[in-house]
Engineer: 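Would you mind keeping the following structure in view while I ask a few things?
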Amino acid sequence: MSGARPLEPWRWLGVPMAQAIGATVLFGIPLRVFSLQLPEPIFPMALAFAWAVIRPSVLAPFGILLMGLFLDIFWGGPLGLWAICLLIAYGGALAGRSMMAGQNRAILWAWYGLTTATAMVAAYLFVMLDSKSTPGLIPLAWQFLATIVLYPYAQRLIDLFEDADVRFR
């Protein structure tokens, strides 16, 4: 018998998806303190990165697609925008997975920042093509900063589930 524990999809996909959707709804509450609104980080970005690092899976892209469509509907954006951008981030992280193996947390955080930047640049370009005008760069920069701060959540998922199935190491 191998030392690998079974990796149930509801534990490494379902629970984090529910957490990301719940956090998105919570941060979407129109609450203002001293005329400042809560940031709107892209919580599913942490999942897209972590799931690619943890292991290749057929289910993860479908979860990312569903969360992206949820973001589009929740934020009232063009349908498919965040779905494709999150899939771009997932694909980028999956492609660089072998280079990330064995790296320390600071390097993984840099990779997370790079995949987040790639997805947000793609979103910027898609919105620019769709609206035929340039979106604001300052709100994009704030959203980027709020999103890369979420890396510890992605690292927590990686730490929890990376060793759960040794077939993909």
Side-chain angles (χ1 to χ4, degrees), residues 13-54 57 59-97 99-100 103-158:
L13 294 171
V15 172
M17 278 178 62
Q19 291 172 341
I21 289 171
T24 299
V25 170
L26 182 66
F27 275 65
I29 294 172
L31 176 68
R32 294 195 183 275
V33 177
F34 302 114
S35 73
L36 297 174
Q37 186 177 352
L38 288 173
E40 291 184 354
I42 305 163
F43 288 98
M45 190 70 69
L47 301 181
F49 180 79
W51 290 345
V53 172
I54 292 169
S57 170
L59 296 175
F62 289 108
I64 291 167
L65 178 72
L66 289 174
M67 287 186 300
L69 292 173
F70 169 78
L71 289 179
D72 294 334
I73 293 168
F74 185 75
W75 287 337
L79 196 59
L81 171 70
W82 282 111
I84 192 72
C85 292
L86 288 171
L87 286 171
I88 288 170
Y90 177 79
L94 195 60
R97 184 174 184 269
M99 290 183 281
M100 288 185 263
Q103 298 293 335
N104 65 20
R105 291 175 191 236
I107 300 297
L108 286 177
W109 202 329
W111 274 96
Y112 174 71
L114 181 65
T115 57
T116 300
T118 302
M120 294 190 103
V121 166
Y124 181 84
L125 293 174
F126 292 147
V127 168
M128 188 171 66
L129 289 171
D130 184 48
S131 66
K132 296 177 182 51
S133 66
T134 57
L137 288 174
I138 292 175
L140 179 73
W142 282 114
Q143 190 173 36
F144 172 74
L145 287 174
T147 303
I148 61 170
V149 168
L150 298 176
Y151 173 74
Y153 178 64
Q155 184 62 51
R156 182 176 163 267
L157 287 174
I158 292 167

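Quick note: residue numbers are just sequence positions, from 1. Because the structure is predicted, anything quoted here is derived from the model rather than measured.
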Engineer: Taking atom CD1 of Ile138 as the centre, does the number of heavy atoms from other residues, nucleotides or ligands within less than 6.0 Å exceed 12?
Structural biologist: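 Open: at most 12 neighbouring heavy atoms sit under 6.0 Å from CD1 of Ile138.
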Engineer: Heavy-atom distance under 4.5 Å between the side chains of Leu86 and Leu71, does that happen here?
Structural biologist: yes
Engineer: Quick one: are Pro61 and Tyr90 in side-chain contact, heavy atoms under 4.5 Å?
Structural biologist: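 A side-chain contact exists here, since the closest heavy-atom pair is under 4.5 Å.
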Engineer: Any side-chain heavy atom of Pro44 within less than 4.5 Å of one from Thr24?
Structural biologist: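 With C-beta onward as the side chain, the pair touches.
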Engineer: For a 4.5 angstrom cut-off between non-hydrogen side-chain atoms, does Trp51 reach Leu94?
Structural biologist: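 Contact flag for Trp51/Leu94 side chains = no.
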Engineer: If I compare all heavy atoms of Ala46 with all of Tyr153, which pair ends up nearest, and what's the gap?
Structural biologist: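 Heavy atoms only, the tightest pair is CB-CD2, 4.0 Å.
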Engineer: Using only atom types and a distance under 3.5 Å, with no angle test, would you say the side chain of Trp109 pairs donor to acceptor with the backbone of Ile148?
Structural biologist: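 It does hold such a pair.
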Engineer: Just by modelled atom types, is the Glu40 backbone N or O under 3.5 Å from a matching donor or acceptor in the Gln143 side chain?
Structural biologist: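 Such a contact is found between Gln143 side chain and Glu40 backbone.
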Engineer: Mark yes or no for whether Thr147, through its side chain, and Ile42, through its backbone, hold a donor-acceptor pair below 3.5 Å.
Structural biologist: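 Yes; judged by distance alone, with no hydrogens or angles, the pair exists.
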Engineer: Below 4.5 Å, heavy atoms only, C-beta onward: do Leu65 and Leu87 meet side chain to side chain?
Structural biologist: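 A side-chain contact exists here, since the closest heavy-atom pair is under 4.5 Å.
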Engineer: What orientation do Phe49 and Tyr151 show, parallel under 30°, tilted 30 to 60°, or perpendicular over 60°?
Structural biologist: perpendicular
Engineer: Within the 4.5 Å heavy-atom criterion, are Met128 and Pro135 side-chain neighbours or not?
Structural biologist: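 Yes. Closest side-chain heavy atoms under 4.5 Å.
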Engineer: Do Met100 and Val53 have side chains that approach each other closer than 4.5 Å (heavy atoms only, starting at C-beta)?
Structural biologist: yes
